[in-house]
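Here is the structure we will look at, set down as structure tokens.
Position 1 is the first residue of the sequence; numbering continues from there. As the structure is a computational prediction, the values presented were derived from the model and not from experiment.
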Amino acid sequence: MAGKPRITREEALAFHIEPRPGKFDVSPSVPMTTQRDLSLAYSPGVAVPCEAIHENPETAYDYTNKGNLVAVVSNGTAVLGLGNLGALASKPVMEGKAVLFKRFADVNSIDIELDTEDPDEIINAVRLMGPTFGGINLEDIKAPECFIIEQRLKEEMDIPVFHDDQHGTAVICAAGLINALHISGKKIEDCRIVLNGAGAAGIACIELLKAMGAKHDNCIVCDTKGVIYQGRKEGMNQWKSAHAANTDLRTLEEAMDGADVFLGVSVKGAVTQEMVKSMGPDAVIFAMANPDPEITPEEVHEVREDVIVATGRSDYPNQVNNVLGFPYLFRGALDIHARAINDEMKIACAEALAALAREDVPDEVAIAYGKKLTFGRDYIIPTPFDPRLIHTIPPAVAKAGADSGVARRPIIDMPGYENTLKARMDPTASIIRSLNARARAAQATMIFAEGDDPHVLRAAVAYQRNGFGKALVVGRESDVKEKLEGAGLGDAVTELEVINAANTHHLASYKTFLYERLQRSGFDRHDIHRLAARDRHVFASLMLAHGHGDALVTGATRKSAHVMELINHVFDAGPEHGAAGVTALLHKGRIVLVADTLVHEWPETEDLANIAQGAAAVARDLGLEPRVAFVSFSTFGYPRSERAEKMHLAPAILEARGVDFEFDGEMAADVALNPDVLAQYPFCRLSAPANILVVPARHSASISVKMMQELAGATVIGPILTGVDKPIQIASTTSTANDILNMAVLAACKVK
């Protein structure tokens, strides 16, 4: 069983401070460029929707972002497993929750940290913010205050109020239990269920299961003082009392004897192997304590093979992960303008999740996880990255909300609604996951050429600690040690292997190889020694050429053109050999590749065709079906220009070669990328907008990429080097440690 990636304090802090502090920005969704735009967005134009909302408050969902805006509210009294850290220290968690809302369900979210432990103050503050939001997600508020706050807010507000620590866990637990009982052939109303942990999550779990048919008399709830039984006085409150059983059982050990189901939201080690042995046949154990479960799956299966086990951890099968629930519950609730999230909607969510796990798992999910997933004892809950979640769960929630009467605007066209949900999916995330999974499977030994750069060293440490493979760093041991310690990664000094000309046994063979390549290109033996022994880019390339590493990442400290020149001393990486650079632009869920951004200064017609084929191979590596546009300032012959001629002729070369991907040109960028403009040319051979733009020259490629990066905020990956015999990737001099790590992952994916 693979362990979780090691995350250091320094890595976590760097992640939260780069490229700027925090985890999200707020961007306008309307143009704000002209005076007219400003007049419409603010005064005087804004008065019109204000008056409309005053006349009919329901139109707030039409004219404002209320219908897709959730508040993540906390006072920091129960932050993760860290306890009462206070409101301010809870902000990173709440920002993270807001990002998860956006990432998984395209729900806009704002984190709000309230500096009070008084339930009445929290209730009043949240209630007064009601007009702003379409829903309220309460988070990390300790029990029993969380019960009081949620109940009062549900009574006083007409939008969904949902305490995810309670109900998120309950919904996913219920989904898993539906399938576990399906496998074991049992019915929930017949099961003896034991719950250990009578806090917010535990109480919510048992309440939801009872709403789904579990019988009160069959449910035993335990806390730190043992079984909660009728008549018990010690450590009780009204929420525990509601689940007090009429029983003579007094300890968890006694309760477990003969039980069908154990649910744990308590502490590590609460369940022993003897307790497991005492449970009924085909038992179910959901050990959900974090970060360590009440009992591990290994410990369970040492004594019982028939038990189905789930935990809260991602490094075991059957993870009970709240991210499977809350984004999609709110998505469905917001889309029907719901007044609440009720039991019917939570049960619908659980049942839809359970049904999804029983379906055939798409290949892209298998690729992302590095294994085929099939419904059974080790797969009873869908994975968080299943792309079907967004268009499967919200419709079920929306229908349940409408059927139960909490929808202001029920969904009329459900198939149409599902299509709009599919359009919200971000394909870039699945591509990055797939690349990471392939890199982990490759286990490539990665050469990091620039061991004197802190960003490179942090990337090398992350590469190794994230389980991608072994990192080799080219540099001097003393420099590497100093830079690692300066970056707060002193503990990694002994983890990384540092290679240089002084400590390798292969320098002589490197120099012989290089002299044979360059002796007829004006290089004498002194030049060869200087290159092989003193230039880290050449030295690293020689390591790769001799099989002393599987792939190479370089370029973070020198201009890419200069690095390419040095690599070309060792490999055939020049324009005459078919090498090219392809840069991926990721923007608003769309991926466009631009080529050539690295090698060819002014490619000729044949070069352009080669570049297109190299870019198509990169696209397929990323999971895209290539559609190539040769872009120019002219479109299909107008206006005519000598400079556009090569872009006009290049498609004919691809046609003669009989390539197996779509291509056309020459065409302007808007024709290539805008479906409405493209539709004006019905003869065009592209079936949809292009995802590969082959540009006339390197300078135009560079300008395009930089403009998209700076003006539109596009994420840039690359240039991705193609057409070279060995996996080599060249980072830019502005790369962060994460950028360099991404380039290493790309290189690793090419290792065969």
Is a side-chain donor or acceptor of [X] paired with a backbone partner of [Y] at a separation under 3.5 angstrom?
X: Asn237; Y: Lys240; value: yes
X: Gln464; Y: Glu495; value: yes
X: Arg152; Y: Pro119; value: no
X: His163; Y: Ala201; value: no
X: His216; Y: Ala244; value: yes
X: Asn321; Y: Val323; value: yes
X: Asn318; Y: Val309; value: yes
X: Arg331; Y: Pro394; value: no
X: Thr77; Y: Lys142; value: yes
X: Glu359; Y: Phe375; value: no

Taking atom [atom1] as the centre, does [X] end up with more than 12 heavy-atom neighbours from other residues, nucleotides or ligands that are less than 6.0 angstrom away?
X: Lys268; atom1: NZ; result: no
X: Glu253; atom1: CD; result: no
X: Lys91; atom1: NZ; result: yes
X: Gln230; atom1: CD; result: yes

Heavy-atom closest contact ([X] atom, [Y] atom, distance):
X: Ser109; Y: Val72; result: OG-CG2, 3.1 Å
X: Ile341; Y: Pro160; result: CG1-CB, 3.6 Å
X: Ile178; Y: Ala354; result: CG2-CB, 3.8 Å
X: Pro395; Y: Glu418; result: CG-CG, 3.7 Å
X: Ala492; Y: Val461; result: CB-CG2, 3.7 Å
X: Leu496; Y: Ala471; result: CD2-CB, 4.0 Å

Would you mind reporting whether [Y] and [X] have side-chain heavy atoms less than 4.5 Å apart?
X: Leu209; Y: Leu263; value: yes
X: Arg313; Y: Asp292; value: yes
X: Asn322; Y: Thr169; value: yes
X: Glu207; Y: Gln166; value: no
X: Leu353; Y: Ile381; value: no
X: Leu195; Y: His243; value: no
X: Asp335; Y: Leu421; value: yes
X: Met279; Y: Val307; value: no

[X] with [Y]: basic N within carboxylate O range, under 4.0 Å:
X: Lys215; Y: Asp217; answer: no
X: Asp111; Y: Lys97; answer: no
X: Lys186; Y: Asp190; answer: no
X: Arg304; Y: Asp306; answer: yes

* **Candidate pair Arg377 and Asp282, rule salt bridge (charged side-chain N to carboxylate O under 4.0 Å, His left out), full reasoning** => CA-CA 11 Å; Arg377 292 175 176 270; Asp282 294 310; 3.3 Å; yes
* Could you check Asp403 against Glu344 for side-chain contact (heavy atoms from CB on, under 4.5 Å), going step by step and ending with a plain yes or no? => CA-CA 9 Å; Asp403 292 346; Glu344 290 86 348; over 6 Å; no
Working to the nearest 0.5 angstrom, can you tell me the gap between [X] [atom1] and [Y] [atom2]?
X: Asp343; Y: Met345; atom1: CG; atom2: CE; value: 11.0 Å
X: Glu139; Y: Cys146; atom1: CD; atom2: SG; value: 11.0 Å
X: Cys749; Y: Asn436; atom1: SG; atom2: CG; value: 7.5 Å
X: Met288; Y: Thr311; atom1: CE; atom2: OG1; value: 10.0 Å
X: Arg103; Y: Phe385; atom1: CZ; atom2: CZ; value: 6.0 Å
X: His167; Y: Leu208; atom1: NE2; atom2: CG; value: 9.0 Å

* Intermediate values then yes/no, salt bridge (charged side-chain N to carboxylate O under 4.0 Å, His left out), Glu274 and Lys277 -> CA-CA 5 Å; Glu274 291 303 315; Lys277 290 179 184 178; 3.3 Å; yes
* To do: In sequence, state the C-alpha distance, the side-chain angles, and the governing distance for Asp550 and Met446, and then conclude on side-chain contact (heavy atoms from CB on, under 4.5 Å).
  => CA-CA 6 Å; Asp550 297 317; Met446 188 65 54; over 6 Å; no
* To do: Evaluate the side-chain contact (heavy atoms from CB on, under 4.5 Å) criterion for residues Tyr328 and Ile390: first the C-alpha distance (whole Å), next the side-chain angles of each, then the deciding distance (0.1 Å), finally the verdict.
  => CA-CA 7 Å; Tyr328 310 110; Ile390 182 62; 4.2 Å; yes
Side chains of [X] and [Y]: is there a donor and an acceptor less than 3.5 Å apart?
X: Asn75; Y: Glu145; value: no
X: Ser404; Y: Asn342; value: yes
X: Ser266; Y: Glu294; value: yes

* Assess whether side-chain contact (heavy atoms from CB on, under 4.5 Å) is satisfied between Met94 and Asp140, documenting all intermediate values. => CA-CA 9 Å; Met94 303 312 127; Asp140 289 359; 3.4 Å; yes
* Asked: So Phe147 and Trp239, would you call those rings parallel, tilted or perpendicular, with 30° and 60° as cut-offs?
  ->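 Aromatic pair Phe147/Trp239 classed parallel.
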* To do: Check each of Ile380, Asp378, Ile285 against Ile308 using the side-chain contact (heavy atoms from CB on, under 4.5 Å) test, and report the only one that passes.
  =>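 Passing option: Ile380.
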